[in-house]
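Reviewing the structure listed below.
Only this structure's heavy atoms are used, side chains among them; waters, hydrogens and symmetry mates stay out. By convention in this document, chain letters (A, B, ...) are assigned in the order of the sequence lines, proteins followed by strands, and residues within each chain are numbered from 1.
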Number of protein chains: 2
Amino acid sequence: MRTVEAALALLDEVGLDALTMRRLAEAMDVRAGALYRYFATKHELLTAMAEVLLADCLERPLSSPDWSERLAELARRMRTALLGRRDGARVYAGTHATGAHTLGFADALIGVLREAGFAADAAARAALTLVNFILGHTLEEQAALQGAADEGPADPDLLRAAVTPGQYPHLAAALPVLTSTDFTAHFEFGLGLLLQGLRALGPGSTSPGTGG
Amino acid sequence: MRTVEAALALLDEVGLDALTMRRLAEAMDVRAGALYRYFATKHELLTAMAEVLLADCLERPLSSPDWSERLAELARRMRTALLGRRDGARVYAGTHATGAHTLGFADALIGVLREAGFAADAAARAALTLVNFILGHTLEEQAALQGAADEGPADPDLLRAAVTPGQYPHLAAALPVLTSTDFTAHFEFGLGLLLQGLRALGPGSTSPGTGG
DNA sequence: ACCTGAACACCGTTCAAGT
DNA sequence: ACCTGAACACCGTTCAAGT
């Protein structure tokens, strides 16, 4: 669809908040009403855009035979895909795409887990957890990146100013890490935690439980 | 702030998409322009609302002495808080609150981890991971709940229709779990995974790594 | 000090009418 | 079959002027 390509290009240029049907129409040398011949609503267009976001995730084969490394690779690809376009995480979070890329990616995640020996429901829930973490993380990461581009005090500065000495002792000690812009390190930590949990849970189980 | 209370009440009534400055003003028997005497922008108002969302998270003391159970309890409280108001997760995800409730909650999370023996940076990153997961999960959960209330085919039906037999074998096997509405089970699975990962990582470490 | 009235510069969406 | 023109019913935000 030429409309979706144009919309993604405009998204990179102006961001989600400024991506309007009128502005997209202008970029395509057409009147806004014409867009509704292909998409019934703006939300439908956004859903189509979300689908395309994940297009590159399954192009190359996975490089490792180890299931936890394969899972990590898929997770990294999804993060990279969402970060690849301005406000990509927000676009994806705001829609519920059910196209070939999204379904293929979910199938791949669950497939790796099933081949590793996890039961169908454990594999499905682990995949959901992974995707929810990736979405939450990339949402934060892109918000932090574009927040720095906006006017006004950046988020780390706001945080440093708000953490009054003595009032939040643990937060104060963690400030250097929390205000760090090494989001890859944050992502790898969280991903590692989930993989560690899956290894500890072990294939064959059906629930991790929460007890000690 | 009476404005924030009125805004939260209106949010529950009409949802985030219909929460406009004009409509809020009408509910408060005032003209829209008057709201700008207290909040410079709508986003600023939403940030204040996000702060209030977490108000109940630290009211009662934690019931268990076990650090992983304490962490789980905090996580469950944040989920409950976000689910407590219509579109709560979307409101929270769209802002970057730095008020007493948000900071106090972050401090509590990190505090539990530090008292368990984790280093400052591991504690901070684990807290970020936890919050990102909770946000991603509640975003999905509320989207699914309100999606069912809208017109048109619900999300599970769309998924069932899209998963053509044979094309996504793993997804097909996982469909019963993926379309289940027992979001508490999904949440507890993901939470358990993260806690398991933290236990396996063990206090004293600084990074989980991703290798086997 | 606080609010109104009125405007500015936009939105998403619809639909008769044109070609 | 596809697009335009024009409208409908809204938005967030600003600001002189009132009280």
Side-chain angles (χ1 to χ4, degrees), chain A residues 1-52 86-87 90-97 143 146-147 149-153, chain B residues 1-52 86-87 90-97 143 146-147 149-153:
Chain A
M1 221 60 122
R2 221 182 89 258
T3 309
V4 178
E5 304 299 335
L8 286 168
L10 187 58
L11 178 68
D12 268 341
E13 212 181 308
V14 303
L16 182 57
D17 292 332
L19 178 70
T20 67
M21 297 301 265
R22 290 174 135 96
R23 213 158 159 176
L24 174 59
E26 189 186 18
M28 296 178 72
D29 257 314
V30 103
R31 246 38 63 199
L35 297 173
Y36 290 84
R37 206 138 308 248
Y38 307 102
F39 297 95
T41 62
K42 184 183 182 181
H43 189 260
E44 211 167 271
L45 169 62
L46 287 167
T47 302
M49 292 166 67
E51 248 304 293
V52 177
R86 170 122 80 129
D87 293 325
R90 269 168 75 202
V91 169
Y92 201 84
T95 61
H96 256 197
Q146 88 168 63
D150 290 355
E151 14 53 73
Chain B
M1 220 61 122
R2 222 183 86 258
T3 309
V4 178
E5 304 300 334
L8 285 168
L10 187 57
L11 177 69
D12 267 341
E13 213 181 308
V14 302
L16 182 57
D17 292 332
L19 178 69
T20 67
M21 297 301 265
R22 290 174 135 96
R23 214 158 159 177
L24 174 59
E26 190 186 16
M28 296 178 73
D29 257 314
V30 102
R31 247 38 63 199
L35 298 174
Y36 290 84
R37 206 138 307 248
Y38 307 102
F39 298 95
T41 62
K42 184 183 182 182
H43 189 260
E44 211 168 90
L45 169 62
L46 287 167
T47 302
M49 292 166 67
E51 248 304 294
V52 177
R86 169 123 80 130
D87 292 325
R90 269 168 76 202
V91 169
Y92 201 84
T95 61
H96 257 197
Q146 88 167 63
D150 291 353
E151 13 54 71

**Request:** Output, in order, the C-alpha distance, side-chain angles, deciding distance and verdict of side chain to side chain contact (heavy atoms under 4.5 Å, CB included) for A:Val30 and A:Leu24.
**Result:** CA-CA 9 Å; A:Val30 103; A:Leu24 174 59; over 6 Å; no

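- For the atom pair CG (B:Leu16) and CD (B:Gln146), the distance works out to 9.0 Å, reported to the nearest 0.5 Å.
- For residues 32-51 of chain A, no residue pair satisfies the salt bridge (Lys or Arg N to Asp or Glu O under 4.0 Å) rule, not counting sequence neighbours.
- Side-chain contact between B:Asp87 and B:Leu19: absent, with no pair of heavy atoms (C-beta onward) separated by less than 4.5 Å.
- Within residues 7-15 of chain A, no residue has a heavy atom under 4.0 Å from DNA chain C.
- Residues passing the side-chain contact (heavy atoms from CB on, under 4.5 Å) test with B:Thr47 are B:His43, B:Thr95, B:Ala97, sequence neighbours excluded.
- Residues satisfying the side-chain contact (heavy atoms from CB on, under 4.5 Å) test with B:Val52, not counting sequence neighbours, are B:Val4, B:Leu8.
- Secondary-structure annotation of DNA chain D gives the stems C:4-8 with D:12-16, C:12-16 with D:4-8, with a stem taken as at least 3 successive Watson-Crick or G-U pairs whose two distances both fall under 3.5 Å.
- For residues 17-35 of chain A, every residue pair satisfying the salt bridge (Lys or Arg N to Asp or Glu O under 4.0 Å) rule, not counting sequence neighbours, is listed here: A:Asp17-A:Arg90.
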**Asked** What one-letter contact string describes nucleotides 5-19 of chain D from 5' to 3', where B marks a base within less than 4.0 Å of any protein heavy atom, S marks contact via sugar-phosphate atoms alone, and - marks no contact?
**Response** --B---BBBB-----

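- Expressed to the nearest 0.5 Å, how far CG of A:Leu46 lies from OH of A:Tyr92 amounts to 13.5 Å.
- At a threshold of 4.0 angstrom between heavy atoms, the contacts of B:Tyr38 are confined to the sugar-phosphate backbone, with no base atom among them.
- Among residue pairs with one or both ends in residues 2-16 of chain B, those qualifying as salt bridge (Lys or Arg N to Asp or Glu O under 4.0 Å) are B:Asp12-B:Arg85; sequence neighbours excluded.
- Proximity of A:Leu35 to A:Leu45: side-chain heavy atoms (C-beta onward) are nowhere separated by under 4.5 Å.
- Rounded to the nearest Å, the gap between the C1' atom of D:dC11 and that of C:dC8 is 12 Å.
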